[in-house]
Structure formats: C-alpha cells, structure tokens
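Below you'll find the structure, written out as structure tokens, and then a few comments.
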Amino acid sequence: MISLRVFTRNVLMKIKQNHTRAAMTALGFLAVFLFFRFEYPYHLHFQEQYQLFEWTWAYFLDIVRAPGGLADWLGRCLTQFFYYTTAGAAIIALCLAGVQLLTFAVCPGKSNLSYALSFAPAAALWVALCDENIMMGAPVAVVISLAAAAAVLPVRNGKVRRAVEVLAVPAVYWFAGPVALLYVCVLAVREKGAAIPSAAFAVLLLSVFASQYLCAYPIERLVIGVHYHRFRAIPAWPVYVSALLCALVALLSALKITDRPRPAVVLAASVIVAASAAFMVVRSDDKAKEEQMHFDFMVRMRMWNRMMMYADEHMPVTPFNVTCNNIALAHSDRMADSMFEYYQNGTEGLLPQFEREYLRPLATAEAYWEMGMVNTAQRFIFEAQEAIPDYQKSARCYVRLAETNIVNGDYEVARKYIEALKNTIYYRKWALGAEKLLGDEDAILKVPEYALKRSQRFNSRDFFYSYDEMDSMLGLLFLENRQNRVAFDYLLAWSLLNKDIERFVECLSLVQYSIMPKGYQEALAMQWAMTHEDASGIPSVIEPKTVQRLNQFIADSRAGLSVDRMEEKYGKTYWFYYLYR
C-alpha cells in the first residue's frame, strides 16, 4: 500500500513538473510572438522584401554550395512567410522555442534549474533578431547544431556513437556553418575524456580549411559564417553568444551544479533569465528603425490615407519618413494645402539625391513613379537592389522592375523578372497576371495605373536626368501633360523648399486656381510682403485671414519671440519654414 502511495505521488509530481515546464515554454513562445507581432512587425516585412525565394532546384543548389547553406536556405524559406506578420512572428517564436527545448535536451541532467537556464540561449537569439541584419539562417543554424547533438547522444553503443559523433562533424559544419562548433562543445560536455572532443574539433578545423577548395570564400569568412549577417564581413556576435550559452548550460548540467536545486533557486534563476531577456530586448528595440520601416511598408502597400493618419500622430522628421509622407500627400492631392503642416527638411525630404543604399532609394523611386518619371524610378529601384549587402534579389524590386518595363514596352526584359516571380508563393499570382499583358497593348491600356504612367512619362525616353536641374525636369514633365498634377505639385514644392519664391510664382502661373490652396496662399502673401510696403492691391486669391495671420507672424518675429514659441504658433505655416528651417 505504501509503495502504491509513493508511486502515485511520484507520478503526480512528474505530471505537475511537466505541466510547469510546458507552461514556461508556452509563456516564452507567447512573449516572443507578441513582441514581433505588435512591437516589431515591420522588421518582418523588411526582411521579407529583401529576398526572392524561388522554389527551384537551381536556387536551392546555388545556396547550399557554401558552408551553412542549408541553414541559410531554410532561413530564407521561413522568411518568405514574413509577408504576413502573424505567420512571421509565430515562426520566430517556434524557432526560439525549439532552441530552448533542444538546449535542455542536450543537458546531461534534467533538473528544473537546467530547464530554467535553457531559456538563456533562446533569449540571446531573441535579442539578436532585433537587429534587422541578423538573418534567419543564424537561429536555424543553432537549431541544426543542437538537433544533431541531440540525435547522436542517445545511441547506446559507445563505439558506434563515438564514430558517428566524429564522422558527422563535416556534415554539421556544411549544413550549419561555423555554429557547428556548438555541436563539438556539446560532445565535449557529454563524452568522458578528451579523445572524442579533440578528434571532433580537429575534424571541424579540417572541414573549415577543406571548404576553401569547394567554394570561393576566404578563410576568415568561412570562420565567422557566410550567411548569418546581411553584411557578410561582419561577425554575427549575438548568435555566437547564444551558442556559447547553450554549451554553458550543458556544462553546468554535466558538472551537476544544477542537480536537485531548491525551488527558490529555480524561481530566482527563472526570474533572472526573464528579467535579463526583457532588459536586453528593450535596449535592442530600435523604435526609430521600426518607424522608418513602417513608413516604407505603407509606401510599398500604397496606404496613403493610413500614412497621413499615422503622420498626424507620429510626426515624420527624418528625410526618409518625410519623403514617404510627401508621396502620400501628393497622391491624395493634399500637398498644396497640407505640406507645411508637417515637418519639412528641404528638398532632401522631397526627392532625395541618389545614394548607393538599399532602402532610401525605394521611397524616392516611388515618388518618381507617381509623377510618371518611369525611367528614373526604374534606375533607382535597380540600383537599390544591386546595393543589397548580401547580394540577394528583392521580390519588391522585381515587381516594380517588371512594371516599369511593361510601361516602357520592354517586354522581354519584363519577362525575365516575371519568370522569377512565378517561382515564388506570394508573387506567383501577380506574375501570372502580368505575363498575360506582355505584348498586348490593349490589355495594358485597360490597367488604369499602367495607362496613366504611359500618359505621364516623357515623350522623349532618353531624357537626361540631372538632380541640379530638377525644377526644369518637373516643369517639362508637366508641360508635356498638363493633367499630371502630381508633377506640378512636386515642381511647386521644390521651389518652395528651396525658398525660391520667385521661381514658385513663375511656375504657379502655369495653372489657374478658383480657390488658391492654403500653402500657396502663404507663399504668395510672403512674396507680396517682401516686395510691397502694405497689403493694398494684394491679389484676391489670398484670403484676408491669411494676410492678417502673416502680419501677426511678422510682428511676433520682430518682437523677438523665441523659436519654440514661434513654432508653437506658426509651425504649420510656410512662413515658419522659410525663416526658421
């Protein structure tokens, strides 16, 4: 009877322990999921748009031919599902939960303290993934290394196990890259004596040196990892920290430091790991980048009204964010009235100069596309794609490049991009529809956006682009098609942002307004005040309340009001921009 009672108690304790551990893992999964779903969703879209994952053997073989290639391929495969933020957040959470469970699986001791400490490597990877330049192949490589160790260790036949452990090293290195060192460290913890770990480490070094002859990478790249970081020459240090923590947790378990701990110790360890993770994640949470990626996402998805609503709550101040918001204003026919209700930082916030960079040119290209400068948009998009640091292609760029070539009638070039997009999941439907347009002029003209771009673009397609002559180009673009109001708004905005009011007045005469927009009234009133002594004879298109407010602005400025006070009263006027920005 006593034995049965003890047995029942042990079973109940085991069930309680398993439920507690499952709850801990579920809470960790939920925390990661909620963070990426609601705090960092646009980082996921950012990752997805800078790759073009194709379901072809050629694409697969091209990636797996380098050490860590399988991890990279699997990482890219998972990243394509970041197209939907819920799926992306769940994938990352599952991946990190897998790291935690596998870390515990390779621990010799299965105590509650070991389970609590097994969350530390996953937390380090969580911090790592807050950096948009850490690729998904990195956590996948950690999973592969831990899974390989967990799969080999249960083999009971000692000789067979030791032989498999050493012989598997080249495969683990080729599949996971230099994170395979984690596999060797786990062997060193689990195997008694130094013979097997030493042999495994020697085989790992030989694998690294031998891979020089199998792929065209320098030895330093093969040591730090080819695919872990978007900038290939930069080591992904947080990933290596995570791998080190995996080995450290296994070592503490092997040394029996974690055996039979008191409940208070387990609770303290859990709290320390959770608090450390929260602290590091908060420190790594780059809200400025997330906001920039949010603006970029809204441009990509053409969410113009949503962008302006967002800008009302989160004033765009960086040139990139300002550029995005100005596109929304122009597309929604609000630039003339509302442009100076938002922060403006000169022409760099309207049409930035080209930089060999892979994010900012995308928004600028959208501005040129909106105006009908199709060739310029195509050049910016192409150059942005070629500037992607890890040399991947971009699905977003491929879509726009296909569209620019369709508008220009370069159908064979468009077909090249469409063929690649047909090998994807989320862009295949669009590509099949676009393929039907190739060579069919009537079908193209039935697509409103393409028909509009054909009517807006320059008649002379070899027009010479010059940033220094931007106002001349915008003027010619409008004169070729006076229905192109976006180009006209950008022309006037360019003059106003350059504080060239005379040029603005000259260009404004090209169009007759029944009701003069607010922003233009302010510029005209200022020009009148600068050239006349009083308001008598001022054009009737300038409303009396605008004149009255300008007079108050001038009086306050002469009275020496502080810049902050002037901004509080007149920050949403062209006058404040003209004098103070």
Side-chain angles (χ1 to χ4, degrees), residues 24-48 50 75 79 82 85 88-100 103 116-143 179 182 224-225 228-231 233-249 267-297 310 313-318 320-321 359 389-390:
M24 292 171 65
T25 299
L27 284 174
F29 170 89
L30 184 62
V32 175
F33 173 80
L34 292 176
F35 175 81
F36 283 101
R37 176 61 184 85
F38 296 104
E39 180 67 16
Y40 245 39
Y42 301 104
H43 270 67
L44 303 182
H45 291 295
F46 178 86
Q47 291 280 23
E48 184 275 333
Y50 284 110
T79 301
F82 289 8
T85 51
I91 286 169
I92 292 178
L94 285 171
C95 187
L96 298 191
V99 169
Q100 180 263 315
T103 300
L117 295 176
S118 68
F119 284 86
L125 280 176
W126 183 0
V127 174
L129 291 173
C130 289
D131 181 354
E132 72 279 4
N133 293 314
I134 298 293
M135 311 305 288
M136 270 301 292
V140 171
V142 175
V143 170
V179 169
L182 170 59
I224 67 174
Y228 301 153
H229 200 282
R230 193 184 307 277
F231 293 86
I234 299 178
W237 295 116
V239 179
Y240 307 136
V241 170
S242 175
L244 178 63
L245 287 174
C246 291
L248 181 60
V249 172
L267 178 61
S270 301
V271 170
I272 290 172
V273 171
S276 299
F279 175 75
M280 293 303 298
V281 167
V282 169
R283 285 199 61 181
S284 303
D285 184 355
D286 194 329
K287 296 186 183 300
K289 283 187 177 178
E290 178 67 8
E291 184 176 277
Q292 184 179 41
M293 293 172 188
H294 191 178
F295 273 100
D296 179 60
F297 173 78
Y310 183 79
E313 298 179 3
H314 305 83
M315 179 64 73
V317 294
T318 65
F320 180 86
N321 294 356
L359 175 60
D390 58 351

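One is the number of the first residue; the rest follow in order along the sequence.
- Ring pair Tyr42/Phe46: centre-to-centre distance not below 6.0 Å.
- In this structure, the side chains of Val127 and Pro238 stay at 4.5 Å or more apart for every pair of heavy atoms.
- To the nearest 0.5 Å, atom CD1 of residue Ile91 and atom OG1 of residue Thr79 are 8.0 Å apart.
- Counting only heavy atoms from C-beta outward, the side chains of Leu129 and Val32 never approach each other to under 4.5 Å.
- Using a 4.5 Å heavy-atom threshold, the side chains of Thr85 and Phe38 count as separate.
- Among all heavy-atom pairs drawn from Leu182 and Ala247, the shortest one is CD1-N, 3.9 Å.
- Under the 4.5 Å side-chain criterion, counting only non-hydrogen atoms from C-beta, His43 is not in contact with Phe36.
- Ring pair Tyr310/His314 is parallel by interplanar angle, where below 30° counts as parallel and above 60° as perpendicular.
- Taking NZ of Lys289 as the start and CG of Leu359 as the end, the distance is 10.0 Å to the nearest 0.5 Å.
- The two residues Cys246 and Thr103 have their closest heavy-atom pair at SG-OG1, 3.5 Å.
- Put simply, the side chain of Trp126 does not reach to within 4.5 Å of the side chain of Ser284, judged on heavy atoms.
- Distance NZ/Lys287 to OH/Tyr40: 8.5 Å, rounded to 0.5 Å.
- Pairing each heavy atom of Asn321 with each of Phe295, the nearest pair is CG-CD1, 3.5 Å.
- Expressed to the nearest 0.5 Å, how far CD of Gln292 lies from CZ of Phe320 amounts to 5.0 Å.
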- [ ] Check the pair Tyr50 / Asp390 against side-chain contact (heavy atoms from CB on, under 4.5 Å), numbers first and verdict last.
- [x] CA-CA 10 Å; Tyr50 284 110; Asp390 58 351; over 6 Å; no
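- Residue Ala90 comes nearest to Phe29 through the heavy atom pair O-CE1, 3.9 Å, listed as atom of the first residue, atom of the second, then distance.
- Looking at residues two or more places apart in sequence or on another chain, you find a side-chain hydrogen bond (donor to acceptor under 3.5 Å, both in side chains) between Glu48 and Arg300, Tyr427.
- Side-chain contact between Ser276 and Ile272: present, with at least one pair of heavy atoms (C-beta onward) separated by less than 4.5 Å.
- Listed here is the closest heavy atom pair of Leu44 and Phe82: O-CB, 3.4 Å.
- Note that the SG atom of Cys130 and the CZ atom of Arg283 stand 12.5 Å from one another [nearest 0.5 Å].
- Of the possible donor and acceptor atoms, none in the side chain of Tyr228 sits under 3.5 Å from a partner among the backbone N and O of Ile234.
- Side-chain contact check for Glu132 versus Met293: some heavy-atom pair is nearer than 4.5 Å.
- The shortest side-chain heavy-atom distance between Leu96 and Phe119 does not fall under the 4.5 Å cut-off.
- Between Ala128 and Ile134, the shortest heavy-atom contact is O-CG1, 3.3 Å.
- Once rounded to the nearest 0.5 Å, the distance linking OG of Ser118 with CE of Met24 reads 7.0 Å.
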